[in-house]
Amino acid sequence: QVQLVESGGGLVQAGDSLRLSCAASGRTTSSYAMGWFRQAPGKEREFVATIRANGYSKYYADSVKGRFTISRDSAKNTVYLQMNSLKPEDTAVYYCGATVSYSGTYYYTRASEYDYWGQGTQVTVSS
């Protein structure tokens, strides 16, 4: 079993930055693809970013490309989401997910493809 705990959310103003962390425990996630998703009130959980086990293959939703950066520190069993130039439409609960599936060519962008989830961290961006 893998436990994921997100942190780093908060209330910021438009244009500010935040860095979210997702700490894994129970099992090393170094061989897992990891992803960040978000869910706004009344909306479905949507894909934000994913990173493969190799640590350098990354894929982003168009809405965050160029503003958000996903990274991982395998030694710390932690994944990060650096969020810059935040906008009010980025307001949501952000979730970290881990998938035991492996692909060297496919990016996991669907929530149903993830096996483990954290409890989420709230990000609120005021205008």
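Note: hydrogens, waters and symmetry copies are ignored here, and every other heavy atom, side chains too, is used.
Under the side-chain hydrogen bond (donor to acceptor under 3.5 Å, both in side chains) criterion, T28 pairs with S30, sequence neighbours left out. Applying the salt bridge (charged side-chain N to carboxylate O under 4.0 Å, His left out) criterion to R27, with sequence neighbours excluded, gives no partner residue. By the side-chain hydrogen bond (donor to acceptor under 3.5 Å, both in side chains) test, N54 is found to be paired with S57, residues two or more places apart in sequence or in another chain being considered. Remark: Y95 engages no residue in a side-chain hydrogen bond (donor to acceptor under 3.5 Å, both in side chains) (not counting sequence neighbours). For A24, the side-chain contact (heavy atoms from CB on, under 4.5 Å) partners at least two apart in sequence or on another chain are V2, L4, T29, N77. Listed by chain and residue number, Y59 satisfy the ring pair (Phe, Tyr, Trp, His ring centres under 6.0 Å) test with Y107 (two or more places apart in sequence, or in another chain). The side-chain hydrogen bond (donor to acceptor under 3.5 Å, both in side chains) check on S126 picks up nothing, with sequence neighbours excluded.
Residue M34 forms a side chain to side chain contact (heavy atoms under 4.5 Å, CB included) with just one option from T78, V79, T50, and that option is V79. No option in I51, L20, L18 other than L20 meets the side chain to side chain contact (heavy atoms under 4.5 Å, CB included) test with L81.
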Result block: side-chain N/O donor-acceptor pairs under 3.5 angstrom for residues 41-49, not counting sequence neighbours:
unit_1, atom_1, unit_2, atom_2, d
E46, OE2, R38, NE, 2.6
E46, OE2, R38, NH2, 3.3

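Heavy atoms from other residues, nucleotides or ligands lying under 6.0 Å from OH of Y106 number more than 12.
Cluster membership check: Y80 does not share its hydrophobic cluster with L86, using side-chain heavy-atom separations under 4.5 Å among Ile, Leu, Val, Met, Phe, Trp and Tyr. Both Y94 and I70 are members of a single hydrophobic cluster when ILVMFWY side chains are connected at heavy-atom separations under 4.5 Å.
Cluster partners of V5 are absent, since no Ile, Leu, Val, Met, Phe, Trp or Tyr has side-chain heavy atoms less than 4.5 Å from it. Y56 belongs to no multi-residue hydrophobic cluster, having no ILVMFWY side-chain contact under 4.5 Å with any other such residue.
Screening residues 109-127 for salt bridge (Lys or Arg N to Asp or Glu O under 4.0 Å) gives no qualifying pairs among residues at least two apart or on separate chains. Identified under the salt bridge (Lys or Arg N to Asp or Glu O under 4.0 Å) test for residues 50-66, with sequence neighbours left out: D62-K65.
From S127, atom OG reaches atom NZ of K87 across 13.5 Å, with rounding to the nearest 0.5 Å. Taking OG from S17 and CZ from F68, the interatomic distance works out to 9.5 Å, rounded to the nearest 0.5 Å.
Side-chain contact between M83 and D90 is absent, with no heavy atoms from C-beta onward closer than 4.5 Å.
Between W36 and S21, the shortest heavy-atom contact is CH2-O, 3.7 Å.
A side-chain donor-acceptor contact under 3.5 Å links Y114 to the backbone of Y108. Judged by distance alone, with hydrogens and angles left aside, the side-chain atoms of T91 form a donor-acceptor pair with the main-chain N or O of V125 at under 3.5 Å. Not a single donor-acceptor pair under 3.5 Å links the side chain of E6 to the backbone N or O of T121.
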